[in-house]
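All remarks here apply to the structure that follows.
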Amino acid sequence: MGKASGAKQAAVVFGALAVGWLAIELAFKPFLDKARSAMNKSDPARDPDEDDAVTAAEATVKAAEIAVDEASAHL
């Protein structure tokens, strides 16, 4: 057997890394799915309190519109 060329060595190392990464992905799939889901849900620019305020404001506007519609219906 002759010496392995640099390209062959690089291919073997790359293949070993790919197989290792795949083994870790498969072994820890449930944990990785939960972690990825949590990261997708988290948005540093989003303020949950602001979302609650917007929802409350929208509910107030909707209630006011209903009240105006009911008042105009009685006239």
Side-chain angles (χ1 to χ4, degrees):
M1 289 186 72
K3 285 180 142 181
S5 69
K8 276 186 184 177
Q9 288 178 346
V12 169
V13 168
F14 180 75
L17 289 174
V19 168
W21 174 76
L22 197 59
I24 289 171
E25 283 282 329
L26 291 174
F28 296 108
K29 185 170 179 48
F31 302 111
L32 292 172
D33 286 343
K34 285 182 184 177
R36 288 179 181 138
S37 173
M39 285 189 290
N40 287 339
K41 289 179 184 176
S42 69
D43 180 11
R46 183 180 149 274
D47 183 10
D49 295 331
E50 188 176 290
D51 290 347
D52 293 340
V54 169
T55 304
E58 287 174 350
T60 304
V61 168
K62 188 172 183 178
E65 289 173 351
I66 291 172
V68 168
D69 288 342
E70 288 177 357
S72 63
H74 293 297
L75 294 177

To the nearest 0.5 angstrom, please state how far the NZ atom of K34 sits from the CE atom of M39. 14.0 Å
As an exercise, state the distance from CH2 of W21 to CG of L26, rounded to the nearest 0.5 Å.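 Between atom CH2 of W21 and atom CG of L26 there are 9.0 Å.
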Which heavy-atom pair separates L32 from I24 by the least distance, and what is that distance? CD1-O, 4.3 Å
